[in-house]
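For clarity, every value in this text was computed on a predicted model and none was experimentally measured. This chain uses plain numbering: 1 for the first residue, then up along the sequence. Indexing begins at 1, ligand by ligand and atom by atom, following the structure's order.
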Amino acid sequence: MMWKKIRIFILLLVFGAVVQQTMIEQSDLDWDRNFYVAVYPINADGTTAVDHYISTLTKEDFEPIADYFSEEAKRFGLTMRRPFQVQLGAKVLHQPPAPPKAASILDTITWSLKFRYFSWKNSPQVAVKPKIRMYLLYFDPTKNARLSHSTALSKGRVGYVNLFGSKAAHRQNMFILAHEMLHTLGATDKYNLTTTLPIFPEGYAEPNKTPRYPQDFAELMGGRVPISESQAEIPKSLLHTLVGENTAKEIGWIK
Ligand SMILES: [Zn+2]
């Protein structure tokens, strides 16, 4: 009897916490305060090259992201000077649980709970308590030809971001990180998951451009710069991407 009461009490606590967090997350998108983001580097393949690369990272390396979102928010009439503040946290020594490959809904839910638990346990302190935590898993580019997919959760606002650990990859890394950051605020992918081609019109930065191809920019959640109807390229940096209208609506920049 006693145990039953305790169990119900615990369930109510968990339920209360989830409801409260959901309410906080929704009111957050009013954009009257900036989002503090913590980025935590992780040496994903344990090589000394990646260790060395991580030791060279500074807060300034991540400023282009904050600058980029400032510019984009301005285009949508936001008066806030800096919608995001990115803080570089200490290197995290533990590896987060990897997202499931061919995922059932149950696998995905289990993973997302494990990952949120990981994030709760592995959040080295930064100057301002972050609302968004991004784990940057750096891989040695000489040992890995390709990276598996990055992913981020809007529930709990955490990201699992696979990147190449080298100076040469940094500009493209910032594009991947910015994309994943917006997932934590509920922005959805705007590309065909099979072909990776951006979906028209919402995955295009300039859907009204004539002629339509080649496009000059990628829509941030469309992920690629459409070159023709059947070809698209990964942008070299954030400078080649824009936030489109649909994405702006999803994250509350347009009401
Ligand atoms: Zn995505």
Side-chain angles (χ1 to χ4, degrees), residues 25 28-29 35 37-40 42 44 62 64-65 68-69 72-73 83-84 86 96-105 107-109 111-112 115-116 119 131-139 144 146-164 169-205 207 215 217-226 231-254:
E25 281 169 2
D28 270 358
L29 292 178
F35 271 102
V37 183
V39 293
Y40 295 115
I42 295 178
F62 295 90
I65 292 208
Y68 169 76
F69 281 123
E72 291 304 285
F84 292 95
V86 185
K101 288 219 165 69
S104 68
I105 291 173
D107 288 341
T108 305
I109 292 172
W111 171 74
S112 88
F115 184 37
R116 286 167 70 179
S119 155
K131 290 246 177 77
I132 299 173
R133 294 174 173 84
M134 304 301 285
Y135 293 90
L136 312 185
L137 289 94
Y138 285 107
F139 291 83
N144 301 270
R146 292 185 54 117
L147 298 174
S148 37
H149 267 298
S150 296
T151 176
L153 303 169
S154 60
K155 294 268 165 285
R157 298 220 163 109
V158 284
Y160 182 105
V161 191
N162 291 316
L163 303 171
F164 283 125
H170 183 70
R171 290 187 333 141
Q172 204 157 60
N173 286 348
M174 292 305 95
F175 154 70
I176 297 169
L177 177 54
H179 173 108
E180 296 302 327
M181 271 167 61
L182 289 202
H183 276 317
T184 70
L185 301 183
T188 58
D189 280 323
K190 293 169 186 67
Y191 61 87
N192 180 313
L193 295 177
T194 316
T195 65
T196 72
L197 289 170
I199 296 167
F200 185 82
E202 65 266 31
Y204 280 54
Q215 292 269 316
F217 298 93
E219 200 283 321
L220 184 59
M221 305 312 288
R224 283 169 200 246
V225 186
Q231 260 184 303
E233 285 174 356
I234 298 177
K236 289 185 186 71
S237 78
L238 276 175
L239 297 176
H240 301 87
T241 79
L242 298 172
V243 171
E245 236 176 83
N246 273 54
T247 301
K249 272 182 203 142
E250 288 171 333
I251 62 169
W253 282 0
I254 304 178

> Does any donor atom in the side chain of Tyr68 or Thr241 lie under 3.5 Å from an acceptor atom in the other side chain?
Replying inline: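 Judged by distance alone, the side chains do pair up.
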> What closest approach, in Å, do Phe217 and Ala205 show between heavy atoms, and which atom pair accounts for it?
Replying inline: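 Heavy atoms of Phe217 and Ala205 come nearest at CB-CB, 3.7 Å.
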> Is there a side-chain contact between Thr247 and Trp253, using heavy atoms and a 4.5 Å cut-off?
Replying inline: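 When only atoms from C-beta onward are counted, Trp253 and Thr247 do not touch, as no gap falls below 4.5 Å.
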>> For the metal site, I want the angle between atom NE2 of His179 and atom NE2 of His183 with the Zn ion (ligand 1) at the apex, to 10°.
In response: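 Between NE2 of His179 and NE2 of His183, at the Zn ion (ligand 1), the angle is about 100°.
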> Is there a donor-acceptor contact under 3.5 Å from the side chain of Glu202 to the main chain of Asn246?
Replying inline: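 Not a single qualifying donor-acceptor pair exists.
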>> With a cut-off of 2.8 Å, does Asp189 put an N/O/S atom close enough to the Zn ion (ligand 1)?
In response: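 Yes, Asp189 qualifies, because one of its backbone or side-chain N, O or S atoms lies under 2.8 Å.
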> Has His149 got an N, O or S atom lying less than 2.8 Å from the Zn ion (ligand 1)?
Replying inline: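 Not a single backbone or side-chain N, O or S atom of His149 is under 2.8 Å from the Zn ion (ligand 1).
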